[in-house]
Visitor: 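There's a structure below that I have some questions on.
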Amino acid sequence: MNLCEPVLEKQSIFHSYACRKGKGRLAAIGVAEKAARACAWHLKLDIRKYFESVPHELLIFRLHRVFKDPEVLYWLEKLLRGHRSEEGRGLPIGSLTSQHLANFYLGPLDRFCHGQQTVKAYCRYMDDFVCWGDDKAAMAELGWEIQRYVEAHLGLTLKHPPSPQPTSRGMDFLGYRIFPRHTALNRRSKLRYRRRLTTLAKLHDRGVLNQSQVQQRLTALTAFVLPASSHAFRRSVMENHRMPAIGHEPGEPGRQLEQQREQLPRREPQQQQPVQHEQQHRFSCRPQLSHGESDGSLMSRN
């Protein structure tokens with residue numbers, strides 16, 4: 001991959017965000033949030049059992065068009081044909097080569113979708129991809145064109161029939177529910193968060209984890225939900241479990257500052273504070289000078 005990754009990277013368009021340097025999940029979420037504010041309709045699609053369905057022969061044919069080194073092609077073919085060779089389909093899940101080859105194989109789909117005049121915005125994260133537009137009828141027709149393209153040119157099938165939905169109702173994408181004005185956790189992510197937090201609470205009650213260890217694991221768990229508006233949800237779940245890390249989990253910087261301002265004591269009006277007390281407080285921390293000693297000698301001694 002040290003040799004192949006730069007070559008495969010050149011075959012990708014800008015709007016592919018999985019397993020690429022400078023991209024990633026958070027960048028894809030940001031694109032989806034921006035598109036939801038600008039467009040009235042979205043068409044979200046994904047490939048049925050993508051990693052298990054990639055045809056070996058079609059992928060090898062495309063690799064021969066990109067790479068010309070016989071040794072590189074030999075090892076790529078060996079890796080592909082060695083996985084479920086009797087079926088002639090599939091990529092080994094978890095392999096670094098599979099991530100890059102899976103991205104590379106859907107490159108033509110990216111260019112097909114992004115090149116349509118109906119599409120105002122586009123984003124793909126591995127086999128999940130979304131098109132945004134303003135015309136419902138045109139988006140519906142685009143969905144059927146995408147389905148025909150996926151079946152005829154890639155040898156794959158869509159998981160669900162294409163159906164455009166209004167962005168105002170929200171869209172499930174990468175574990176979040178994206179609305180035009182805010183982003184929330186989707187139902188599956190909330191359920192997963194509750195289950196893992198329940199496990200942490202049980203381990204703490206049994207003495208397997210101490211408070212510091214709970215906080216460390218909670219930090220990693222909370223990192224996924226931070227991009228969403230989830231502070232109230234997180235706190236309610238932790239209060240139900242009486243977690244020892246309440247108040248120590250990471251949160252949105254703006255909300256943390258707001259809470260800190262609420263906890264600060266109110267300053268008394270200026271006229272209620274005696275002037276003599278202010279002067280005494282102001283000079284109380286100044287060091288006492290010995291007889292015959294000046295400020296300059298004190299500064300030089302320090």
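Only this structure's heavy atoms are used, side chains among them; waters, hydrogens and symmetry mates stay out.
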Visitor: Could you check whether any side-chain heavy atom of Y149 comes within less than 4.5 Å of a side-chain heavy atom of E145, counting everything from C-beta outward?
Guide: no
Visitor: Just wondering, are more than 12 heavy atoms of other shown residues or ligands nearer than 6.0 Å to CZ in R217?
Guide: no
Visitor: In terms of hydrophobic clustering (I, L, V, M, F, W, Y; side-chain heavy atoms under 4.5 Å; direct or indirect links), are L76 and I60 co-clustered?
Guide: yes
Visitor: What residues, two or more places apart in sequence or in another chain, satisfy side-chain contact (heavy atoms from CB on, under 4.5 Å) together with A138?
Guide: T118, D135
Visitor: Can you get from M1 to F51 by hopping between Ile, Leu, Val, Met, Phe, Trp and Tyr side chains that sit under 4.5 Å apart?
Guide: no
Visitor: Any donor and acceptor pair, going by atom type alone, linking the side chain of H42 with main-chain N or O of W132 inside 3.5 Å?
Guide: no
Visitor: Distance only, no hydrogens: is a donor on one side chain within 3.5 Å (strictly under) of an acceptor on the other, for R234 and S230?
Guide: yes
Visitor: When you group the ILVMFWY residues by side-chain heavy-atom contacts below 4.5 Å and let the links chain together, are L101 and W75 in the same group?
Guide: no
Visitor: For residues 174-181, tabulate all N or O donor-acceptor pairs below 3.5 Å that involve a side-chain atom, not counting sequence neighbours.
Guide:
{"from": "Y176", "atom 1": "OH", "to": "R25", "atom 2": "NH1", "distance (Å)": "2.5"}
{"from": "Y176", "atom 1": "OH", "to": "F224", "atom 2": "O", "distance (Å)": "2.3"}
{"from": "R177", "atom 1": "NH1", "to": "D172", "atom 2": "OD1", "distance (Å)": "3.1"}
{"from": "R177", "atom 1": "NH2", "to": "R169", "atom 2": "O", "distance (Å)": "2.9"}
{"from": "R177", "atom 1": "NH2", "to": "G170", "atom 2": "O", "distance (Å)": "3.4"}

Visitor: Donor-acceptor check, side chain of D127 to backbone of D46, threshold 3.5 angstrom: yes or no?
Guide: no
Visitor: Mark yes or no for whether Y193, through its side chain, and V237, through its backbone, hold a donor-acceptor pair below 3.5 Å.
Guide: no
Visitor: Is the shortest side-chain heavy-atom distance between L59 and F104 below 4.5 Å?
Guide: yes
Visitor: Is any side-chain N of the basic residue among E151 and R48 closer than 4.0 Å to the acidic one's carboxylate O?
Guide: no
Visitor: What closest approach, in Å, do W144 and A140 show between heavy atoms, and which atom pair accounts for it?
Guide: CD1-O, 3.1 Å
Visitor: Answer whether the closest heavy-atom distance between the side chains of W41 and K120 falls below 4.5 Å.
Guide: no
Visitor: Hey, is R20 close enough to E5 for a salt bridge, meaning N to O under 4.0 Å?
Guide: no
Visitor: With a sphere of 6.0 Å drawn around NZ of K68, does it hold more than 12 non-hydrogen atoms of other residues, nucleotides or ligands?
Guide: yes
Visitor: Are the side chains of P227 and L26 in contact, using a 4.5 Å heavy-atom criterion?
Guide: yes
Visitor: If I compare all heavy atoms of K190 with all of L185, which pair ends up nearest, and what's the gap?
Guide: CE-O, 3.6 Å
Visitor: Under 3.5 Å, is there a donor-acceptor pair between the side chain of H160 and the main chain of L45?
Guide: no
Visitor: When you measure from the side chain of Y122 to the backbone N and O of F129, does any donor-acceptor pair fall under 3.5 Å?
Guide: no
Visitor: Using modelled atom types and a 3.5 Å cut-off, is there a donor and acceptor pairing between side-chain atoms of K23 and backbone atoms of F14?
Guide: yes
Visitor: Spell out, as yes or no, whether a donor-acceptor pair under 3.5 Å connects the side chain of Q147 to the backbone of G143.
Guide: no
Visitor: With a cut-off of 6.0 Å (strictly less than), are more than 12 heavy atoms of other residues, nucleotides or ligands near CZ of R195?
Guide: no
Visitor: Contact between V225 and S189 at the side-chain level, heavy atoms closer than 4.5 Å - yes or no?
Guide: no
Visitor: Apply side-chain contact (heavy atoms from CB on, under 4.5 Å) to the pair L80 and L91, showing each step before the final yes or no.
Guide: CA-CA 7 Å; L80 287 173; L91 298 172; 3.3 Å; yes
Visitor: Give me the atom names and distance for the closest heavy-atom approach of S95 to T97.
Guide: OG-OG1, 2.7 Å
Visitor: Does I47 reach the side chain of L158, with side-chain heavy atoms less than 4.5 Å apart?
Guide: yes
Visitor: Indicate yes or no for a side-chain donor-acceptor contact from S16 to the backbone of I13 under 3.5 Å, with no hydrogens or angles considered.
Guide: no
Visitor: Report, as yes or no, whether the 6.0 Å neighbourhood of atom CZ on R81 holds more than 12 heavy atoms from other residues, nucleotides or ligands.
Guide: yes
Visitor: Output, in order, the C-alpha distance, side-chain angles, deciding distance and verdict of side-chain contact (heavy atoms from CB on, under 4.5 Å) for C113 and I146.
Guide: CA-CA 7 Å; C113 295; I146 292 175; 3.7 Å; yes
Visitor: Do other residues, nucleotides or ligands put more than 12 heavy atoms under 6.0 Å from R188 CZ?
Guide: no
Visitor: Do L3 and L63 belong together in a cluster built from hydrophobic side chains that touch within less than 4.5 Å?
Guide: yes
Visitor: Considering all heavy atoms of both residues, which atom of Y17 and which atom of V31 are nearest to each other, and what is their separation?
Guide: OH-CG2, 3.0 Å
Visitor: Give me the atom names and distance for the closest heavy-atom approach of L218 to T222.
Guide: O-OG1, 2.6 Å
Visitor: When you measure from the side chain of T167 to the backbone of C39, do you find a donor-acceptor pair of N or O atoms at a distance under 3.5 Å?
Guide: yes
Visitor: What heavy-atom pair brings P164 and K136 nearest, and what distance separates the two atoms?
Guide: CG-O, 3.8 Å
Visitor: Does the side-chain contact (heavy atoms from CB on, under 4.5 Å) test come out yes or no for C131 and L142, once each step is laid out?
Guide: CA-CA 9 Å; C131 300; L142 172 65; 4.3 Å; yes
Visitor: Hydrophobic clustering (ILVMFWY, side-chain heavy atoms < 4.5 Å, transitive) - are L79 and F67 grouped together?
Guide: no
